[in-house]
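Residue numbers start from 1 in every chain, and the chains themselves are labelled A, B, ... in the order their sequence lines are given, proteins ahead of strands.
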Protein chains: 2
Amino acid sequence: MAETRHYYQAEMLKALAHPTRLQILELLKDGELCVCKIVPELQMEQSNISRHLNILKKEGLVTSRKEGLRVYYRITDPRINDLLEASSELLKNFWERKQKTLV
Amino acid sequence: MAETRHYYQAEMLKALAHPTRLQILELLKDGELCVCKIVPELQMEQSNISRHLNILKKEGLVTSRKEGLRVYYRITDPRINDLLEASSELLKNFWERKQKTLV
DNA sequence: TTACTATATATAAAACTATGCATATAATAA
DNA sequence: TTATTATATGCATAGTTTTATATATAGTAA
């Protein structure tokens with residue numbers, strides 16, 4: 001795939017564009033959490049969550065630090081939260097518009 | 001797939017998360033364009049571009065109007081541009097950080 | 001009517017992504 | 001040393017997305 005600016009931008013957005021990863025980012029909104037706190041919040045195999053965390057990490061959306069057996073993940077930049085908040089707002093508006101059209 | 005808020009948010013982000021669709025949205029940034037103006041800008045089959053436009057439309061990111069043989073597409077909400085702008089800014093920062101780490 | 005143009009859709013193949021299960025690794029404790 | 005815990009990875013399968021080619025539809029003009 002041609003490595004243009006749009007390619008990398010799409011890769012980053014793709015990392016955001018998964019329900020499980022959105023849930024993870026929402027859990028991390030107010031600060032770091034260890035994987036052991038994330039797993040029980042999501043109805044999903046631990047191995048899967050580990051993979052999703054890795055996808056977020058590879059795109060630079062989260063970082064991690066190890067402390068003993070535990071690994072703590074955090075969001076790298078608060079503007080990621082803003083971006084998610086903004087997309088959530090947009091979605092809400094699209095829904096309202098759809099409702100109106102259907103009535 | 002469970003139809004949660006995160007599911008729909010992910011669907012919207014997925015619609016954004018493709019290099020060709022990002023290019024299309026950038027072309028539409030300053031106002032509507034007919035498909036006949038979009039196609040020659042992108043190195044891709046017309047049928048493909050039509051599909052990408054449909055994906056954006058289904059997610060409510062663009063709307064279209066027909067005028068004779070031509071179909072004009074436009075971005076539905078200027079905040080979509082802001083969102084893309086913000087994600088582009090983030091990406092730039094990730095890159096700068098990566099560069100520093102490598103040096 | 002036929003011919004032409006712009007856009008959309010059907011189908012199939014290829015490429016990619018997500019998942020579960022099993023297993024590996026790393027850190028700690030006994 | 002062995003056992004235990006937390007997290008990551010290998011592999012196979014299932015599911016999804018993208019693509020090219022061909023074809024269909026809708027609007028216009030002659």
Side-chain angles (χ1 to χ4, degrees), chain A residues 1-4 6-25 27-28 32-75, chain B residues 1-4 6-25 27-28 32-75:
Chain A
M1 168 56 93
E3 267 137 50
T4 58
H6 292 119
Y7 167 78
Y8 288 112
Q9 194 178 358
E11 286 301 301
M12 189 181 80
L13 291 167
K14 246 161 58 180
L16 294 175
H18 189 285
T20 302
R21 294 194 289 269
L22 290 173
Q23 276 181 274
I24 291 173
L25 291 170
L27 287 169
L28 297 178
E32 71 174 17
L33 283 180
C34 83
V35 180
C36 63
K37 291 288 180 197
I38 297 169
V39 169
E41 297 292 328
L42 310 172
Q43 281 73 73
M44 188 160 268
E45 288 289 315
Q46 171 273 319
S47 66
N48 242 308
I49 290 167
S50 183
R51 270 175 217 287
H52 283 302
L53 285 165
N54 194 246
I55 289 167
L56 292 169
K57 192 172 173 182
K58 275 192 318 200
E59 281 308 316
L61 295 163
V62 302
T63 47
S64 65
R65 70 180 179 85
K66 197 158 191 174
E67 189 178 309
L69 275 173
R70 304 196 162 163
V71 180
Y72 291 81
Y73 282 84
R74 72 167 71 234
I75 290 178
Chain B
M1 171 55 95
E3 266 136 49
T4 59
H6 293 120
Y7 167 80
Y8 288 112
Q9 194 179 359
E11 285 301 301
M12 190 181 81
L13 290 167
K14 245 160 62 179
L16 294 175
H18 190 284
T20 302
R21 295 195 288 270
L22 290 173
Q23 275 181 275
I24 291 172
L25 290 170
L27 287 169
L28 296 177
E32 70 174 18
L33 282 180
C34 84
V35 180
C36 63
K37 291 289 179 198
I38 298 169
V39 169
E41 296 292 327
L42 310 173
Q43 281 74 72
M44 187 160 269
E45 288 289 318
Q46 172 272 322
S47 65
N48 245 308
I49 289 169
S50 185
R51 268 177 216 288
H52 284 302
L53 285 165
N54 195 248
I55 288 166
L56 292 170
K57 192 172 172 181
K58 274 192 318 199
E59 281 307 317
L61 296 162
V62 302
T63 47
S64 65
R65 69 180 179 87
K66 196 156 192 175
E67 190 176 308
L69 275 175
R70 304 197 163 161
V71 179
Y72 291 81
Y73 282 84
R74 71 166 73 233
I75 289 177

**Prompt:** Where each residue is assigned the nucleotide of DNA chain D containing its nearest heavy atom, which of A:S64 and B:K14 is assigned the position nearer the 5′ end?
**Reply:**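 Looking at DNA chain D, the more 5' nearest nucleotide goes with A:S64.
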Round to the nearest Å and state the distance from [X] atom [atom1] to [N] atom [atom2].
{"X": "B:N54", "N": "D:dT18", "atom1": "CG", "atom2": "C1'", "value": "14 Å"}
{"X": "B:L33", "N": "C:dT7", "atom1": "CG", "atom2": "P", "value": "11 Å"}
{"X": "A:N48", "N": "C:dC21", "atom1": "CG", "atom2": "C1'", "value": "11 Å"}
{"X": "A:M44", "N": "C:dG20", "atom1": "CE", "atom2": "C1'", "value": "10 Å"}
{"X": "A:K37", "N": "D:dA6", "atom1": "NZ", "atom2": "C1'", "value": "13 Å"}
{"X": "B:L69", "N": "C:dA8", "atom1": "CG", "atom2": "P", "value": "11 Å"}
{"X": "A:R21", "N": "C:dT17", "atom1": "CZ", "atom2": "P", "value": "9 Å"}
{"X": "A:R65", "N": "D:dA8", "atom1": "CZ", "atom2": "P", "value": "14 Å"}

**C:dA10 base / B:R51 side chain donor-acceptor hit below 3.5 Å** =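 Side chain to base: pair present.
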**Prompt:** Ignoring hydrogens and angles, does a donor from either the side chain of A:S47 or the base of D:dT7 sit under 3.5 Å from an acceptor on the other?
**Reply:**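 By the distance-only test, no, there is no pair.
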**Prompt:** OP1 or OP2 of D:dT9 sitting under 4.0 Å from any side-chain N/O of A:H52?
**Reply:**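 Answer is no, no contact under 4.0 Å.
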**Request:** Please say which of A:R65, A:R70, A:K37 ends up in a salt bridge (Lys or Arg N to Asp or Glu O under 4.0 Å) with A:E32.
**Result:**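 That would be A:R65.
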**Request:** Measure from the side chain of A:H18, starting at C-beta and using heavy atoms only, and say which of C:dT19, C:dA26, D:dA6 lies closest.
**Result:**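 When the side chain of A:H18 is considered, C:dT19 is the closest of C:dT19, C:dA26, D:dA6.
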**Asked** Considering only side-chain heavy atoms of A:Q46, which listed nucleotide, C:dA8, C:dT7, D:dA8, is closest?
**Response**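 Nearest to the side-chain atoms of A:Q46, counting from C-beta on, is D:dA8.
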**Asked** Quick one: are A:M12 and A:L61 in side-chain contact, heavy atoms under 4.5 Å?
**Response**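 When only atoms from C-beta onward are counted, A:L61 and A:M12 do touch, with a gap below 4.5 Å.
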**Request:** May I ask you to test the A:I75-A:L56 pair for a side-chain heavy-atom distance under 4.5 Å?
**Result:**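 No; the side chains remain at least 4.5 Å from each other.
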Quick one: label [X] by what it contacts on the DNA or RNA (base, sugar-phosphate, nothing), any heavy atom closer than 4.0 Å.
{"X": "B:T20", "result": "nothing"}
{"X": "B:I55", "result": "sugar-phosphate"}
{"X": "A:Y72", "result": "nothing"}
{"X": "B:I38", "result": "nothing"}

**Item:** First of A:E67 and A:E11 reached from the 5' end of DNA chain C, by closest nucleotide
**Value:**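 First, find each residue's nearest nucleotide; the 5'-ward one identifies A:E11.
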**Prompt:** Which atom pair, heavy atoms only, marks the closest approach of A:K14 to B:A17?
**Reply:**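 Smallest interatomic distance, heavy atoms only, reads N-CB, 3.4 Å.
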**Asked** When you measure from the side chain of B:R21 to the backbone N and O of B:A15, does any donor-acceptor pair fall under 3.5 Å?
**Response**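 Present.
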